Amino acid sequence: MQPQVAKVIVDVPVKDTDRPFDYLIPESMRAWIEIGSRVGVPFGHRTVQGFVVGLQDEPSTGGIRLKAIQEVLDVVPPLSPELVKLAEWMSQKYACRFITALQVMVPTALKGKAERYISLGEASEPSPDEDEYAGSLVRISSEPTEEVRTITTYVGQKGEVPLQQLSRIFPDSADNIKSLLRKGILQENQSIKDKLQKKTLKAVDLAVDANEAEAALDGFPAKAQRQREVLQFVLEMKDLLPLPLKEILTSLQVSAATVKGLADKGFISIEDLEVFRDPYRGRRFKPSMPLELNDEQKHAYDRIVDTLDAYSHGVFLLHGVTGSGKTEIYLQTIQHCIEQGRQAIVLVPEIALTPQMVERFKGRFGDQVAVMHSRLSGGERYDEWRKIREGKVTVAIGARSAVFAPFEHIGLIIMDEEHETSYKQEESPKYHARDVAVKRAQQQGAAVILGSATPSLESYYASRSVADEQFAPMLLEMKHRALGNELPAVEIVDMREELKEGNRSMFSRSLHQAIEARLERQEQTVLLLNRRGYSTFVMCRSCGFVAGCPECDISLTYHQKSNNLRCHYCGYAEPAPEVCPDCGSEHIRYFGTGTQRVEEELAKLFPGIRVIRMDVDTTTEKGSHEKLLKQFRDKKADVLLGTQMVAKGLDFPDVTLVGVITADSALNLPDFRAGEKTFQLLTQVAGRAGRHQLPGEVMIQSYTPDHYSIIHASGHDYLAFVRDELKHRRNLHYPPYCRLILVTLTHEQLPLLVRMAENMVSVLQGKARQRGWFGSLDRLTADAFDVLGPVASPIPRIKNRYRFQCMVKWRGNIDAVGLVREATEQLEDTAHNQKLQISIDVDPQMLM
DNA sequence: AGCACGCCGACT
DNA sequence: GTCGGCGTGCTC
């Protein structure tokens with residue numbers, strides 16, 4: 001028996017509707033509706049989009065009368081039952097709405113909205129006495145009936161007109177249209193419309209048997225010679241049918257009318273062929289063959305393949321120094337996975353998703369690879385996604401959201417640069433791709449590889465500790481570089497000494513000499529300016545005035561291109577001032593990204609030096625990132641100068657010097673991960689040097705050269721760093737020794753907000769006490785729950801809304817998220833304050 | 001979130 | 001006496 005009832009999660013992301021609603025499945029749709037189908041359903045007085053998350057044979061007794069599903073929106077359901085289950089898990093784990101989790105899994109192109117259509121209603125049917133109708137209209141409305149007649153005639157001719165269009169054509173008739181609707185002379189229906197259409201192409205195919213067409217060629221009338229040519233051409237190309245219409249037109253220089261004439265005669269057909277927009281079309285990828293694995297690699301490979309062969313779930317933490325050949329392990333385990341008939345997902349940080357990276361996978365697996373990239377257009381991304389959904393590829397590579405690639409039989413999920421913070425989504429659903437990957441692999445009986453030279457403390461700790469963690473990866477170590485060359489020597493330069501000895505330049509004497517030496521030897525240098533936590537702001541040097549956003553309490557960012565100041569939280573913009581708006585002084589200065597200043601100084605110190613600068617200013621244009629790197633690779637420059645983005649995954653044979661201008665600018669930030677981030681960045685960038693024949697050298701300039709992050713990064717000593725960092729975390733009760741939930745409350749009125757925030761804290765504490773959870777993390781209990789705050793958020797106001805936050809710290813086998821969610825809903829229910837907004841961030845990454 | 005229903009101020 | 005203001009409540 002086919003199910004009659006579907007449970008639907010509707011696209012109305014509020015608390016009250018965050019549950020399944022039941023709908024009847026019309027007979028005609030039974031064959032099309034599955035768990036994961038996207039449907040249009042009547043909801044209240046309108047039509048909304050929703051996802052089917054469950055099926056039932058019979059309506060539940062209890063007797064609310066059910067409405068029926070209006071339409072099925074896709075031929076192939078965009079989600080599988082497995083993904084629906086994953087979404088439900090996410091909604092629990094991250095305290096988000098079910099629909100929000102479902103929606104993040106499909107391309108935005110599939111977020112449909114109801115469109116309203118107007119057609120003639122039943123009351124407009126020819127009635128026995130039409131005059132009476134017209135008469136009644138005259139009597140009811142004092143307006144002239146002329147307009148009403150024009151409207152109904154128009155709608156009658158068109159059959160169905162989008163409401164929007166109708167009101168555009170009759171701009172002053174809103175009232176008339178409304179009353180016609182009320183009287184049933186016109187009627188409205190709604191249908192879900194996607195944002196994006198599939199791209200189609202007119203294509204020509206033979207409509208008759210080839211022999212028959214061949215025979216017909218002779219009998220063509222003399223005046224249809226052009227058509228004859230077309231048919232002949234089609235026959236010649238019959239192995240390549242269907243043929244794009246455009247191709248025929250350009251090859252034969254005929255008009256579309258000619259081809260259409262031929263189609264009218266019935267020899268050929270012209271159809272709309274669906275095409276996939278391929279952003280990499282026309283690009284050639286150098287094919288690559290599997291490389292011989294060394295012992296360390298072989299060991300890691302074998303462990304992973306064992307798990308694949310057992311078709312069981314397993315998580316591996318692949319800790320390999322830079323250049324140890326992690327990618328080759330990814331490639332070969334994927335190969336194995338594909339040979340099993342299963343599919344693989346490769347996650348890379350957004351910033352590392354370069355053509356160079358893609359090429360390594362396309363080179364090995366060719367057109368088996370779909371790439372999901374944020375720089376793709378909506379349509380391109382939709383097409384790549386469809387290739388996956390429709391089983392046209394077996395490997396998906398992409399950033400964070402590629403973890404939702406709609407494969408049916410996943411064997412392997414790889415997460416490269418596992419420690420990267422960009423795997424955490426900062427908007428709802430605030431998920432971490434690592435946790436989702438592990439959960440999904442668990443559901444599918446798949447393996448996960450978390451690869452990094454500097455694993456996150458969370459993952460490393462989980463691999464070392466026994467029991468009760470969320471996941472316990474098997475640690476696979478690769479301590480040597482695949483090509484056998486040494487890790488580069490790292491020198492720490494104490495900038496305090498430089499200053500003491502009168503060197504006020506941003507280049508120490510050692511770094512200066514080192515760069516000079518590269519110039520002489522025609523080798524290349526990478527310079528990193530660590531500017532995390534800073535941005536381009538404007539300051540008056542006379543009075544100290546800093547230009548800030550009038551609606552958000554943060555400083556405005558200077559944009560050189562448009563010469564204006566912008567707030568990157570709310571989009572507010574104003575022209576850059578010439579003089580200080582506060583004191584009128586002309587000594588107002590733009591503190592640029594810093595790379596500009598470094599560039600200027602380089603030019604001064606080394607006349608004629610060729611520098612490529614890579615930062616937000618020079619890489620905003622599409623493809624510019626790639627272009628700059630290619631220039632550097634082609635040795636069009638001596639120095640590559642940039643921010644974080646020069647640290648990731650780049651691999652240039654002639655780079656023998658890496659300089660870090662300011663190693664410690666992130667260390668003083670109020671973020672308990674500051675040390676970890678610094679260590680990771682320094683280790684990554686140091687790995688850029690000497691990856692090939694030429695030996696590399698790294699120089700780190702620092703004002704706090706004794707900090708353990710800097711010392712251990714210079715010694716390439718991850719384990720020592722972990723030891724020190726863990727000690728630190730344990731003392732301060734930070735992850736991985738507990739887990740965090742950041743609750744942020746916002747409201748327009750500050751005093752009210754403060755009261756609500758205090759209320760929040762006491763509700764949280766009260767509920768925890770009720771459940772018998774212990775108050776403090778200091779006590780050596782397995783379960784603990786503690787609330788800190790409330791305090792003003794690091795950015796205390798955004799878009800004119802004040803922000804307060806409190807931090808939950810917890811550990812053990814308790815449902816802390818559930819409790820926070822409960823408290824939140826209770827507070828939101830306190831009716832008098834709907835304007836209060838609360839956001840919950842489970843396992844937050846950004847604390848600033 | 002929308003959208004309709006419902007109950008109080010300034011207008012023909 | 002009506003148009004319309006937006007508070008309140010519901011959506012299978």
Side-chain angles (χ1 to χ4, degrees), chain A residues 3-27 29-30 33 35 37-73 84 88 91 96-104 108 110-118 140-143 162-164 167 172-179 181-184 187-193 195 427-429 746-749 752 799 801 824-825 828-839:
Chain A
Q4 290 181 28
V5 173
K7 299 205 163 285
V8 175
I9 298 289
V10 293
D11 186 12
V12 183
V14 292
K15 184 185 63 152
D16 292 350
T17 54
D18 190 22
R19 63 189 169 83
F21 287 82
D22 291 353
Y23 285 91
L24 292 172
I25 307 173
E27 193 70 48
M29 292 182 195
R30 301 252 161 103
I33 299 237
I35 292 181
S37 291
R38 193 170 59 113
V39 293
V41 291
F43 194 64
H45 299 272
R46 65 212 165 106
T47 297
V48 297
Q49 176 181 291
F51 288 94
V52 175
V53 299
L55 295 168
Q56 253 175 37
D57 288 344
E58 300 278 340
S60 316
T61 47
I64 354 163
R65 60 174 196 287
L66 304 184
K67 291 185 183 174
I69 292 177
Q70 224 164 58
E71 49 184 343
V72 187
L73 298 172
V84 169
E88 190 173 14
S91 71
C96 70
R97 320 253 96 107
F98 200 165
I99 188 65
T100 316
L102 289 165
Q103 206 80 64
V104 79
T108 43
L110 293 187
K111 190 172 164 71
K113 260 192 79 179
E115 187 134 306
R116 316 168 78 160
Y117 295 90
I118 303 298
I140 292 168
S141 108
S142 54
E143 296 300 310
L163 175 60
Q164 251 193 329
S167 43
D172 302 320
S173 307
D175 287 346
N176 272 330
I177 295 172
K178 257 189 234 161
S179 87
L181 281 170
R182 248 198 305 278
K183 288 200 278 280
Q187 69 178 17
E188 183 198 296
N189 31 49
Q190 299 184 22
S191 172
I192 302 290
K193 249 187 119 182
K195 274 197 194 141
E427 308 92 59
S428 183
T746 72
H747 199 280
E748 285 173 5
Q749 286 159 290
L752 219 63
K799 283 197 202 183
R801 297 182 67 87
T824 305
E825 282 172 5
E828 276 171 341
D829 272 350
T830 323
H832 51 273
N833 245 309
Q834 275 104 352
K835 284 179 192 156
L836 178 73
Q837 281 172 19
I838 307 178
S839 109

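Values in this document were obtained by computation on a predicted structure and should not be read as measured data. Here is how names work: the chains are called A, B, and so on, in the same order as the sequence lines, proteins then strands, and each is numbered from 1.
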With sequence neighbours left out, what residues match A/Glu71 under side chain to side chain donor-acceptor pair (under 3.5 Å)?
A/Ser191

What is the distance, rounded to the nearest whole Å, between atom CZ of A/Arg116 and atom P of B/dG2?
11 Å

How is A/Asp16 classified with respect to the nucleic acid when contacts are heavy atoms under 4.0 Å: base, sugar-phosphate, or nothing?
base

Taking atom C1' of C/dT11 as reference, at what distance in whole Å does atom CG of A/Asp11 sit?
14 Å

Across the strands shown, which category fits A/Pro20 at heavy-atom distances under 4.0 angstrom: base, sugar-phosphate, nothing?
nothing

Euclidean distance, atom CD1 of residue A/Ile9 to atom P of B/dA1 [Å, nearest integer]:
17 Å

Could you pull out all residues at least two apart from A/Arg19 that satisfy side chain to side chain donor-acceptor pair (under 3.5 Å)?
none

Give me each pair satisfying salt bridge (charged side-chain N to carboxylate O under 4.0 Å, His left out) with a member in residues 3-12 of chain A, each pair once, sequence neighbours excluded.
A/Lys7-A/Asp22, A/Asp11-A/Lys111

Starting from P on C/dT11, measure out to CD on A/Gln70 and report it in whole angstrom.
18 Å

Sorted by number, the residues of residues 43-53 of chain A with heavy-atom contact under 4.0 Å to DNA chain B:
A/His45, A/Arg46

Test side chain to side chain donor-acceptor pair (under 3.5 Å) applied to A/Ser839 - qualifying residues, sequence neighbours left out
A/Lys430

Tell me whether the count of non-hydrogen atoms from other residues, nucleotides or ligands lying under 6.0 Å of NZ in A/Lys15 goes above 12.
yes

Provide, to the nearest angstrom, the distance between the CG atom belonging to A/Asp18 and the C1' atom belonging to C/dT11.
14 Å

What is the nucleic acid contact for A/Arg97, judged by heavy atoms within less than 4.0 Å: base, sugar-phosphate only, or nothing?
nothing

Does CD belonging to A/Glu188 count more than 12 external heavy atoms closer than 6.0 Å?
yes

Which residues satisfy the side chain to side chain donor-acceptor pair (under 3.5 Å) test with A/Thr100, sequence neighbours excluded?
none

Check the distance between B/dA1's P and A/Arg19's CZ and give it to me in whole angstrom.
17 Å

Tell me the interatomic distance from A/Phe21, atom CZ, to C/dC12, atom C1', rounded to whole angstroms.
7 Å

Expressed in angstrom and rounded to an integer, what is the separation of A/Lys113 atom NZ from B/dG2 atom C1'?
10 Å

